[in-house]
Amino acid sequence: MTRNNLVRAGALLLACSVAAVGCGRSADDPSTSRTAGDLRPTTAAATKDADAITWAVYRDVQTIDPLYVFDYPDNTALTLFCESLLRTQPDGTIADGIASLSRTDPTTVVLDVNADATFWDGSPVTADDVVYSLERQRDPELGGFYGQAFSRVDTIEATGDRQVTLTLKQADYWLDGELASVPGIVVQKKYVEAKGADYGTPSGGVMCSGAYRFDSWSPASGVVAVPNDDYWGEADARVAKITVKGVVDEAALTSALIAGEIGGTYPPAISTLPVLEDNDAVTVTQGPGYATAALVISNLKGTLGDVKVRQALSLALDRDGIVENVYHGAATDARWLANPGTFASARETYQAAYDDSPALEQDLDRAKALVEEAGAKGRTITIGMSSAIPDIAYTAGAFRTAAEKIGLEVEFESVSADAFINFFIDPKAREGVDAFPTVTYGDYADPAALSATVVLPDGAQNYSGFDDPEVTRLMEEARGTEDAEARAELVIEAQQRTMELLPWIPTAQPNAVVVTGKDLTGAVSSFAYMSAPWAEHLGAR
C-alpha cells in the first residue's frame, strides 16, 4: 500500500463524507425513487439547447489531470472534457469508448482505437497517445493515484497505429472496469509534454476528446467548458457553456438553485435536500450509487480486534436512524460491503444473493451476549470523528449509543473538518484511534471494486492490516475469472465472509443524487457521472 493510494482513498472518503450523503425523493415522481429497483440512471432526454449554466461542486476544482483526480469536484470537471478507453454507461455496464477491448488469450488484452476518435485540435487519437496515457498512470515517479489498477500489467505496447496490446502477468478481469474509469482516460501526448507541470492546472488546461472542450479556468470563476463542435462520437452538447464552480455554503447553494443562478449539482448537500425536494424550481433525481457508508476499523489490536466485539457493535447499531436522519430515507439496506448500485454485470445473481443475505437488524440481546463472550464488557473504543461534519458526527454518535447499550465505552477523537482527512492519509493521526466513520466507493460498478481496497492485504483502504486468507483467495480468483457469473459467485462468497468478519461495519448504501433547475434535463443521475461523460446529453426540456 503506497502513500499515494492512501492519499487517494482518504480524499475520496472525506469528500464523500462531506458531500455525498444527501439523497431525497425525486421531484419528477416522488413515488418512484425510494428503492434500488426504482432508481434512475439518467434524467429525461433534453429537447432544446440551453443557455450557459453554472454547475456547483462542494469545493473549487483543484486539478483536472487524470493522474490526480480522485474527488467529486475534480471528477465532475474532468469527465466533462476527457474520455476513457472504455465507457461506463449510466447503468454501470461497460461499452466501447475511444477503443474497443478484446483478449486473444487470458493475459493478452488488445485495445483497438476507434478510427474516428480525435482530440479537440482535430488530430487523431493514436496508439502512442494511449500507451503514453496508461504508462503515465502507472509511473511511480509521477505519483498518480491509480497505479494499483495496473498491478497485473506487465507491458503496454503499440502494435499498430491505432492498436495497443497489454501483456498481463496474470489474467485480470477487473482491468476492464478500470479502463472505463479515470485510469483509462486518454490524454494527448504532445500536449501534456508541451505543458509539463502546468498540465491539468488553470494555466495549462487539458487536451482531450470529449463532447465539451476546455475553455478557461480561474480559481475565482471556476472551470469553463464549451461544446466541441467537431466531436467525433455520438453526443448532443446542447449547453452553451458550463462553468464548474465550488459553492461551499449549503444555504447559499440552495438559494442559488431555487433562484436559477445555479443550473445543477451532484451530489448536493444533505441538509438542504428536503427543501429542494419540495420546491418546484428544481428537480431532484436519485440514481444507483456505488458508495457505502461504514465504520472503518483502523486498529485490530484494540477492543475491536475481537470479531465478536465487531459483530456485537454491528448488531447494536440503529441503522434505521442513520438512514432516516442522515440520508432522509434515500439509501438501501446495508447487507454487504458493496452497494447494490454496483451490480452492473451478473446483476440478477448479485441481487438475489444480496436479498438472501441477512438484514443487519438491531439485536441488543445477542450483542450483549457477544460482548460477554469476548470478555470485553467495560472496554473502550476510540472513534475518530469531526463534530464539524454533520453526517460524520451523527454516525459517530450512533455508534457510541450502540456501544454503551451493550456494555462498551466510546471516546471520541474529534478533529476539525479539514483535519478529518488525516485519519485516511496519516498513520500518526490514526494512532490510538480504533475506528472512524466514512462513505466511500470503488472506481467502477462492480462489488469487487470497493471490497478489493478494503479486504486485500495490499488494499488502499485496508488501514487495520486485515488479512483473511480465504477472502483473499476468493477475491484473487475472482479477478482472474473470465465468466461474469462465475466471477460473481466468488465475489458473493467473499462478501458473505466479509460480513462475518466485518473488517469494516457497513451502515447504509446511499443512492446517487442530481439536482437540476426545472428547465434543465439530460444529466446522468447514477454514480457513473464520476467516471464518464455526464453532460453530453444535457440541455433544456
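Along the sequence shown, the residues carry numbers beginning at 1.
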### Message
Using side chain to side chain contact (heavy atoms under 4.5 Å, CB included), reason through T472 and D467 one step at a time and then give a plain yes or no.
### Response
CA-CA 7 Å; T472 298; D467 185 2; 4.0 Å; yes
For this session: Just do the side chain to side chain donor-acceptor pair (under 3.5 Å) check on T265 and W55 with the steps written out, would you?
Result: CA-CA 6 Å; T265 185; W55 195 271; 5.1 Å; no
| task | Any chance you could lay out the side chain to side chain donor-acceptor pair (under 3.5 Å) test for S314 and R319, step after step, and finish with the verdict? | result | CA-CA 9 Å; S314 179; R319 289 182 170 81; 2.9 Å; yes
Please determine whether side chain to side chain contact (heavy atoms under 4.5 Å, CB included) holds for the pair T43 and T516, giving the CA-CA distance in whole Å, both sets of side-chain angles, and the decisive distance to 0.1 Å.
CA-CA 10 Å; T43 54; T516 56; 5.7 Å; no
Test log, rule side chain to side chain contact (heavy atoms under 4.5 Å, CB included), inputs D443 and V182
CA-CA 8 Å; D443 289 338; V182 174; over 6 Å; no
ask   = Should L257 and V515 be marked as a side chain to side chain contact (heavy atoms under 4.5 Å, CB included) after you check the CA-CA gap, both sets of side-chain angles, and the distance that decides it?
value = CA-CA 8 Å; L257 282 163; V515 181; 4.1 Å; yes
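In this structure, S464 contributes its side chain and S298 its backbone to no donor-acceptor pair below 3.5 Å. A donor-acceptor contact shorter than 3.5 Å is absent between the side chain of Q170 and the backbone of R479. Judged by distance alone, with hydrogens and angles left aside, the side-chain atoms of T88 form no donor-acceptor pair with the main-chain N or O of I94 at under 3.5 Å. Checked by atom type and distance alone, the side chain of S345 never pairs as donor or acceptor with a backbone atom of A484 at under 3.5 Å. The main-chain N or O of E500 is found under 3.5 Å from a side-chain atom of Q311 such that the two form a donor-acceptor pair. The backbone N or O of L337 lies less than 3.5 Å from a partner atom in the side chain of Q495, making a donor-acceptor pair. No donor-acceptor pair under 3.5 Å is formed between the side chain of S181 and the backbone N or O of G177. S151 contributes a side-chain N or O that, together with a main-chain N or O of Q148, makes up a donor-acceptor pair within less than 3.5 Å.
If you run side chain to side chain contact (heavy atoms under 4.5 Å, CB included) between I406 and each of D365, L364, V309, L370, only L364 comes through.
Residues L168 and L175 form a side-chain contact, since some pair of their non-hydrogen atoms from C-beta on lies under 4.5 Å apart. Residues E178 and S84 have side chains not in contact (no heavy-atom distance under 4.5 Å, counting atoms from C-beta outward). Residues Y444 and T342 are not in side-chain contact: their nearest non-hydrogen atoms beyond the backbone lie 4.5 Å or more apart. Looking at heavy atoms from C-beta onward, I297 lies out of side-chain contact with Y463 at the 4.5 angstrom threshold. Counting only heavy atoms from C-beta outward, the side chains of T438 and W504 approach each other to under 4.5 Å. Proximity of L450 to Y441: side-chain heavy atoms (C-beta onward) are nowhere separated by under 4.5 Å. Under the 4.5 Å side-chain criterion, counting only non-hydrogen atoms from C-beta, Y529 is not in contact with T79. Put simply, the side chain of K308 does not reach to within 4.5 Å of the side chain of V371, judged on heavy atoms.
Electrostatic pairing of R473 and E470 counts as a salt bridge here, judged by a charged N lying under 4.0 Å from a carboxylate O. By the 4.0 Å N-to-carboxylate-O rule, R59 lies close enough to D71 to be salt-bridged with it. Note on E493 versus R497: no salt bridge recorded, every NZ/NE/NH1/NH2 to OD/OE distance being 4.0 Å or above. Note on R335 versus D333: salt bridge recorded, some NZ/NE/NH1/NH2 to OD/OE distance being below 4.0 Å. Under a 4.0 Å N-O distance rule, the pair R366/E373 qualifies as a salt bridge.
Contact record, T292 with P506: CG2-CB, 4.4 Å, taken as the closest heavy-atom pair. Heavy atoms only, all atoms of each residue included: S386 and I392 are closest at N-CG2, 3.6 Å. The two atoms that bring Q89 and A528 nearest to each other are O-CB, 3.6 Å, heavy atoms only. The nearest pair of heavy atoms linking A334 to A508 is CB-N, 3.6 Å. The two residues N339 and P510 make their nearest non-hydrogen contact at ND2-O, 3.0 Å. Nearest heavy atom pair, residue A435 against residue V433, reads O-CG1, 3.3 Å.
Aromatic ring orientation, F436 versus F423: parallel (interplanar angle below 30°, classes split at 30° and 60°). The aromatic rings of Y68 and F145 sit perpendicular to each other, their planes meeting at more than 60°, with 30° as the lower class boundary. Using cut-offs of 30° and 60° on the angle between ring planes, the pair Y350 and F343 is parallel.
Note that CG of N462 is 8.5 Å distant from OG1 of T453, once rounded to the nearest 0.5 Å. The distance from atom CG of L313 to atom CZ of R310, rounded to the nearest 0.5 Å, is 10.5 Å. Once rounded to the nearest 0.5 Å, the distance linking CG of L86 with OG1 of T93 reads 11.5 Å. D434 CG to T380 OG1: the interatomic distance, rounded to the nearest 0.5 Å, is 9.0 Å. How far CG of L490 is from CD of E485: 11.5 Å, rounded to the nearest 0.5 Å. Rounding to the nearest 0.5 angstrom, the gap separating the CG atom in D363 from the CG atom in L315 is 5.5 Å.
Applying the side-chain hydrogen bond (donor to acceptor under 3.5 Å, both in side chains) rule to pairs touching residues 393-413 yields N325-Y394, sequence neighbours excluded.
Annotation: K169, atom NZ; neighbour count of heavy atoms from other residues, nucleotides and ligands within 6.0 Å is above 12.
Between the side chains of W534 and T76, no donor N or O sits under 3.5 Å from an acceptor N or O. Side-chain atoms of T349 and R487 form no donor-acceptor pair, as typed in the model, at a separation below 3.5 Å. With 3.5 Å as the limit, one finds no donor-acceptor pair spanning the side chains of D65 and T63.
For E476, the salt bridge (charged side-chain N to carboxylate O under 4.0 Å, His left out) partners at least two apart in sequence or on another chain are R152. Applying the side chain to side chain donor-acceptor pair (under 3.5 Å) test to R138 and every residue at least two apart in sequence or in another chain returns E135.
Centroid-to-centroid, the aromatic rings of Y146 and F150 stay 6.0 Å apart or farther.
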